[in-house]
A.B. asks: 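Take this structure, written in structure tokens, and hold onto it; I'll ask about it next.
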Protein chains: 2
Amino acid sequence: MTIAKPNGRTRDRILDIAQRLIQSRGYNAFSFSDLAKELGIRTASIHYHFPTKADLGVALLRRYRQNFRDELGGIAARADNPLRHLARFAALFERTFSADNQLCLCGMLSAEVATLPKPVAGEVERFFEETERWLAQVLAAGKSAGLVAFDGTARAQARMLLAVLEGAMVVARGMRHGTHFQGMARDYLAKLKAA
Amino acid sequence: MTIAKPNGRTRDRILDIAQRLIQSRGYNAFSFSDLAKELGIRTASIHYHFPTKADLGVALLRRYRQNFRDELGGIAARADNPLRHLARFAALFERTFSADNQLCLCGMLSAEVATLPKPVAGEVERFFEETERWLAQVLAAGKSAGLVAFDGTARAQARMLLAVLEGAMVVARGMRHGTHFQGMARDYLAKLKAA
DNA sequence: GTCTATAAGATGATAGAC
DNA sequence: GTCTATCATCTTATAGAC
């Protein structure tokens, strides 16, 4: 008796395409038909991997959060100082925006949150909380080392940095300008440098 | 012979409802059916006022930009100093977010810009350009008066302030937190104050 | 200005064959 | 795992009566 052993290749490809489509067009503007066309299979086959669109959304967000955690772990593991960590963090966003003005997945979903299946909205919330926590640690370490300067709590500063990066993506995209994002990211990081 | 004299009441109500729905749910997540239900009329009647959804979008954005210009004009006309002007500007965004975590209309549309009819996307771009220009003037005036301090160009600072407010809305909404927006807005304005 | 009626197309989803 | 076939529903839009 053979045991079903899905290699998950199609499943991953579905998630890859879904992620790109959501970051470009949004959750409400991509369809199973879009995925099927790109994959060269039928929509019924997508439903085999993800019974509902909400299931797909949750699976995508879980993978995304895990990947993002890995990226943050990789940054923190480096022997760099906290200022470099912040720069590498911002570079993650810049890399995304450079790819055809794509937004952060959770930035896009946050805008659409009122229309999302509840479990998907919950994943978005967790993304922001985790990211804010990580950034707060880096900022606090930087302050302790005398490399980073800011008023108020590290948490509030972390949230603000996140807001700047998310907002810079939105504004640069709305203005349809290719380089405004990196300009804002660089300028804001410069403000955090201790004199 | 009587001349048709549309009072525009229904037309305006359509735009009112459409604006609220877009700021809450997005352009791709509201339908003529939603409008018809709230108004107590049929979708065909909406099409009488706006032949296509793109027409509705353009009309909404034109009205919105005009209203926003009027608000900015009202702020600039006050005898306040530039710092107060910035605070009143931020208050416009806070008022919006206080209303059921609504986003800035153009912040929401900016996220969806890849899926919007071209004329609608053009209006979004104009909104950001106009707003950036107005903010840059206020910032420059504040700097001349020694009340506002910043590095770089007034344009870049204006863009950054806009990004902070848009991003703060997105992050606060994604975290489903009611007061994070005002916290970030207040903190960022404090940074602009000259010592 | 609003209605009924209608249309064509998209969408999320399921049943059952292969 | 993928297919065909089918479904109910939603969506934008038009024609023509009132």
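Chain identifiers are assigned alphabetically (A, B, ...) following the order of the sequence lines, protein sequences preceding nucleic acid strands; residue numbering begins at 1 within each chain. Worth knowing before you read on, the calculation uses all heavy atoms, side chains too, and leaves out hydrogens, waters and symmetry mates.
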A.B. asks: Which whole-number value in Å describes the distance from Leu56(A) CG to dT11(C) P?
C.D. replies: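 Roughly 15 Å, once rounded to whole Å.
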A.B. asks: Nearest whole Å is fine: how far is dT12(D) P from Asp55(B) CG?
C.D. replies: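 So the two atoms are 13 Å apart, to the nearest Å.
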A.B. asks: Heavy atoms from C-beta onward define the side chain here; which of dT2(D), dT12(D), dG12(C) lies closest to that of Ser31(A)?
C.D. replies: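 Selected nucleotide (nearest to the side chain): dG12(C).
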A.B. asks: Compare every heavy atom of Ala172(B) with every heavy atom of Phe181(B), then report the nearest pair and how far apart it is.
C.D. replies: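 Shortest heavy-atom separation between Phe181(B) and Ala172(B) comes out as N-CB, 3.8 Å.
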A.B. asks: Listed by chain and number, what are the salt bridge (charged side-chain N to carboxylate O under 4.0 Å, His left out) partners of Asp55(A), not counting sequence neighbours?
C.D. replies: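 Partners of Asp55(A) by the salt bridge (charged side-chain N to carboxylate O under 4.0 Å, His left out) criterion come out as none, since no residue qualifies.
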A.B. asks: Take the protein atom CZ of Arg42(B) and the nucleotide atom P of dT11(D), then report the distance between them rounded to whole Å.
C.D. replies: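 It is 15 Å, rounded to the nearest whole Å.
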A.B. asks: Heavy atoms within less than 4.0 Å of DNA chain C: which residues of residues 109-121 of chain B have one? Give them sorted by number.
C.D. replies: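 Residues of residues 109-121 of chain B under 4.0 Å from DNA chain C: none.
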A.B. asks: Under 4.0 Å between a side-chain N/O of Thr10(B) and OP1 or OP2 of dG1(C), yes or no?
C.D. replies: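 For dG1(C), neither OP1 nor OP2 has a side-chain N or O of Thr10(B) closer than 4.0 Å.
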A.B. asks: Would you mind reporting whether Phe32(B) and Lys53(B) have side-chain heavy atoms less than 4.5 Å apart?
C.D. replies: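 Touching, per the 4.5 Å side-chain cut-off.
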A.B. asks: Going by the side-chain hydrogen bond (donor to acceptor under 3.5 Å, both in side chains) test, which pairs reach into residues 120-130 of chain A, not counting sequence neighbours?
C.D. replies: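 Counting only pairs at least two positions apart or across chains, the side-chain hydrogen bond (donor to acceptor under 3.5 Å, both in side chains) contacts touching residues 120-130 of chain A are Arg62(A)-Glu123(A), Arg65(A)-Glu123(A), Arg65(A)-Glu130(A), Arg69(A)-Glu130(A), Glu123(A)-Arg126(A), Glu125(A)-Arg176(B).
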A.B. asks: Please list, one pair per line, the donor and acceptor atoms closer than 3.5 Å that link side chains of residues 187-195 of chain A to other protein atoms, with sequence neighbours excluded.
C.D. replies:
from: Tyr188(A); atom 1: OH; to: Lys191(B); atom 2: NZ; distance (Å): 3.1
from: Lys191(A); atom 1: NZ; to: Tyr188(B); atom 2: OH; distance (Å): 3.1

A.B. asks: Using residues 141-156 of chain B as the side-chain source, report each donor-acceptor pair under 3.5 Å to any protein atom, sequence neighbours left out, with the distance given to one decimal.
C.D. replies:
from: Lys143(B); atom 1: NZ; to: Phe150(B); atom 2: O; distance (Å): 3.0
from: Ser144(B); atom 1: OG; to: Ala140(B); atom 2: O; distance (Å): 3.1
from: Thr153(B); atom 1: OG1; to: Ala156(B); atom 2: N; distance (Å): 3.0
from: Arg155(B); atom 1: NH1; to: Glu132(B); atom 2: OE2; distance (Å): 2.7

A.B. asks: Please list, chain by chain and in numerical order, all residues satisfying side-chain hydrogen bond (donor to acceptor under 3.5 Å, both in side chains) with Gln102(A), sequence neighbours excluded.
C.D. replies: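 Testing Gln102(A) for side-chain hydrogen bond (donor to acceptor under 3.5 Å, both in side chains), a comparison that skips the adjacent residues, returns Gln23(A).
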A.B. asks: Using atom CD1 of Ile41(A) as one end and atom P of dC3(D) as the other, report the distance to the nearest whole Å.
C.D. replies: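 After rounding, the reported distance stands at 6 Å.
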A.B. asks: Within the pair Tyr48(A) and dT2(D), is there a side-chain N or O less than 4.0 Å away from OP1 or OP2?
C.D. replies: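 Answer no for this pair, as no side-chain N or O of Tyr48(A) is under 4.0 Å from OP1 or OP2.
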A.B. asks: Using whole Å, report how far NE2 of His49(A) lies from P of dG12(C).
C.D. replies: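 The answer, rounded to whole Å, is 17 Å.
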A.B. asks: Under 3.5 Å, side-chain donor or acceptor atoms of residues 88-95 of chain B against the rest of the protein: list the pairs with distances, not counting sequence neighbours.
C.D. replies:
from: Arg88(B); atom 1: NE; to: Asp80(B); atom 2: OD2; distance (Å): 2.8
from: Arg88(B); atom 1: NH2; to: Asp80(B); atom 2: OD2; distance (Å): 3.1
from: Arg95(B); atom 1: NH2; to: Glu71(B); atom 2: OE2; distance (Å): 3.0

A.B. asks: Once each nucleotide of nucleotides 13-18 of chain D is scored for protein heavy atoms under 4.0 Å, what B/S/- sequence comes out, 5' to 3'?
C.D. replies: BBB---
A.B. asks: Considering residues at least two apart in sequence or located in another chain, which fulfil the ring-ring contact (aromatic ring centres under 6.0 Å, His included) criterion with His85(B)?
C.D. replies: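 So His85(B) forms no ring-ring contact (aromatic ring centres under 6.0 Å, His included) with any residue.
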A.B. asks: When you check the phosphate oxygens OP1 and OP2 of dA10(C), does a side-chain N or O of Ser33(A) lie under 4.0 Å from one of them?
C.D. replies: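 Answer is no, no contact under 4.0 Å.
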